[in-house]
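Notes to accompany the following structure.
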Number of protein chains: 2
Amino acid sequence: MALEHAILVSLLEKPGSGYELARRFERSIGYFWTATHQQIYRVLKRMEADGRLDVREVPQQGRPDKKEYSVAAPGRAALSQWLHEPIEPESVRHDLAVKIRGAAFDDPAALIREVERHHRAHSDRLAHYLAGELRDFTGPEAPGTSGTPGPPDAGQELQHVVLRGGIAYERMTLAWLDDVLATLHRLGAGH
Amino acid sequence: MALEHAILVSLLEKPGSGYELARRFERSIGYFWTATHQQIYRVLKRMEADGRLDVREVPQQGRPDKKEYSVAAPGRAALSQWLHEPIEPESVRHDLAVKIRGAAFDDPAALIREVERHHRAHSDRLAHYLAGELRDFTGPEAPGTSGTPGPPDAGQELQHVVLRGGIAYERMTLAWLDDVLATLHRLGAGH
DNA sequence: CTTGTCTATGAAACGAGTTGCATAGAAGGA
DNA sequence: TCCTTCTATGCAACTCGTTTCATAGACAAG
């Protein structure tokens, strides 16, 4: 059910259409929750039918009209309720780990290319996150250069701590993939 | 489709019944791939029908009989083929991150308890992994005390590197949760 | 003028995952 | 004796997620 909640959070941060949401799920929100446009349109329709969202037809020039969704009062209440419920610490689903253990029954060295591909993908993500951090969180928050005096915005702070989590995750993953590569090379050499 | 492959790997490591697999998915394999007994029984049935697994009825005393599954030749071939196919780097699904961003529209301080719960859960997991590492990987591999001369077993090495990944993940998560807690406290204090 | 890309939405089918329920013998404790 | 826990397997219903396909106007490149 968490897709609903991710959509509520995203629409509270900024109202938008299904299409726009789909693109946010490729970027910021998508760093910790993925969804395709199919899922999004389906859930938006259901949430609107349930009265959790309001819709507004927005005509546009030079491109198709869009439906802009925003959070209605019941939606906000549903989010608030969910925030106060405990959730289970996430269960991991890591295909690559299955492959690594499976490699014992095949050729371990054949996995090296694959692991290197993953290493590159995580490198790219890390660079992407770091660029985002520099862009969104170092300007107004840098001490002394503050344009907003007083305590920084809670939403900003919370988005930043989530992004720091993404950065820590990618760094940890890269170090582990180095470990995996070293292990695979060692096994290949002894073979 | 990766549940099939996780089952193949687990059955190659050691044949067993659906019940036994379900318990492995609460422990070793479950560290990076979760599955309930429902999923497992359903998939085992399908894989047997497809000829990827062999079954053997094993009568037992003092407990119900069981069906012991083992990997048949086509199953091994299917696994081998999958190992040579590239997979996408996993997409993350992190409920807690959604909650943290959502807290900007509710009471951030109310999340502290929840984050502390997660911290304890991850602490427990880390302790569990470290105990497993000590038990399974430090005895025969400690230099000088080697009971097995020559190169260590590839399966052991690969299981160990996956476990090291789990340990690194838990350590990173704990550090991040500390960061989250500090941020929530800061926001609560400024409020 | 055709091909491709971007915005924008959606149906249909299928496969994966969750939840609740049901059965049943054996062992152990209150 | 009853209650719970453990072993062991399974059905049914439902929700969630993925893949494929379809539509359609605007715009740019070749």
Side-chain angles (χ1 to χ4, degrees), chain A residues 1-7 15-27 29-30 32-50 53 55-69 78 82 85 87-88 90-95 98, chain B residues 1-8 15-27 29-30 32-50 53 55-69 78 82 85 87-95 98:
Chain A
M1 289 267 182
L3 176 54
E4 282 198 27
H5 303 118
I7 286 175
S17 69
Y19 187 81
E20 283 161 356
L21 279 172
R23 287 198 305 166
R24 287 185 212 171
F25 274 85
E26 287 166 8
R27 303 182 307 110
I29 305 278
F32 49 86
W33 201 271
T34 53
T36 62
H37 78 276
Q38 293 304 334
Q39 276 177 273
I40 291 166
Y41 283 123
R42 193 207 280 144
V43 173
L44 282 175
K45 189 158 281 191
R46 191 181 64 212
M47 289 171 80
E48 192 218 323
D50 294 349
L53 297 181
V55 207
R56 197 168 60 94
E57 282 273 346
V58 179
Q60 298 185 113
Q61 72 268 47
R63 48 175 75 179
D65 298 352
K66 66 174 179 179
K67 297 184 185 172
E68 195 184 75
Y69 290 89
W82 178 69
E85 282 166 13
I87 51 172
E88 284 306 300
E90 10 59 72
S91 37
V92 190
R93 291 276 163 93
H94 209 310
D95 302 68
V98 178
Chain B
M1 288 268 184
L3 177 55
E4 282 198 26
H5 303 117
I7 286 176
L8 286 170
S17 68
Y19 187 80
E20 283 161 356
L21 279 173
R23 286 199 305 166
R24 287 185 212 170
F25 274 86
E26 287 166 8
R27 303 181 307 109
I29 304 279
F32 48 88
W33 200 271
T34 54
T36 62
H37 77 276
Q38 293 304 334
Q39 276 177 274
I40 292 165
Y41 282 122
R42 194 206 281 142
V43 172
L44 281 175
K45 189 158 279 189
R46 190 182 64 212
M47 289 171 80
E48 193 219 322
D50 294 350
L53 298 181
V55 207
R56 198 168 60 95
E57 283 272 346
V58 178
Q60 296 183 114
Q61 71 269 46
R63 49 175 74 179
D65 297 353
K66 66 175 181 179
K67 296 183 185 172
E68 195 183 75
Y69 290 89
W82 177 69
E85 282 165 14
I87 50 173
E88 284 307 300
E90 8 59 72
S91 37
V92 190
R93 290 277 162 93
H94 209 310
D95 302 68
V98 178

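The chains referred to below are lettered A, B, ... by the order of the sequence lines, with proteins before strands, and numbering in each begins at 1.
In this structure Arg23(A) satisfies the side-chain contact (heavy atoms from CB on, under 4.5 Å) test together with Tyr19(A), Glu26(A), sequence neighbours excluded. In this structure, Lys67(B) has no side chain to side chain donor-acceptor pair (under 3.5 Å) partners at least two apart in sequence or on a different chain. Residues meeting the side chain to side chain donor-acceptor pair (under 3.5 Å) test with Glu68(B), sequence neighbours left out: Arg56(B). Residues satisfying the side chain to side chain donor-acceptor pair (under 3.5 Å) test with Gln39(B), not counting sequence neighbours, are none. Legend: residues meeting side-chain contact (heavy atoms from CB on, under 4.5 Å) with Glu85(B), ordered by chain and number and at least two apart, are Gln81(B), Trp82(B).
Counting to the nearest Å, the P atom of dC16(D) and the CG atom of Leu44(A) are 14 Å from each other. Regarding Gln39(B), its CD atom lies at a distance of 15 Å from the C1' atom of dC11(D), rounded to whole Å. In this structure, the CD atom of Glu26(A) is 13 Å from the P atom of dA8(C), given to the nearest Å. Atom pair Glu88(A):CD and dG17(C):P shows a separation of 18 Å (rounding to whole Å applied). We find that CD1 of Ile40(B) is positioned 16 Å from C1' of dT19(C), with the value rounded to whole Å. Note: CZ (Arg46(B)) to P (dC11(D)) measures 14 Å, nearest angstrom. The distance between atom CE of Met47(B) and atom P of dA16(C), rounded to the nearest whole Å, is 11 Å. Atom CG of Leu21(A) and atom P of dT7(C) are 15 Å apart (whole Å).
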Kindly give the atom pairs (protein nitrogen or oxygen, nucleotide nitrogen or oxygen) under 3.5 Å for nucleotides 5-9 of chain D.
from	atom 1	to	atom 2	distance (Å)
dT7(D)	OP1	Arg23(B)	NH1	3.2
dT7(D)	OP2	Tyr19(B)	OH	2.8
dT7(D)	O5'	Tyr19(B)	OH	3.3
dA8(D)	OP1	Gln60(B)	OE1	3.1
dA8(D)	OP1	Gln60(B)	NE2	2.4
dT9(D)	OP1	Lys67(B)	N	2.9
dT9(D)	OP2	Tyr19(B)	N	2.8
dT9(D)	OP2	Tyr41(B)	OH	2.9
dT9(D)	O5'	Tyr41(B)	OH	3.3

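In this structure the side chain of Met47(B) reaches within 4.5 angstrom of the side chain of Leu8(B), judged on heavy atoms.
Between the side chain of Arg42(B) and the base of dG15(C), no donor-acceptor pair under 3.5 Å is found.
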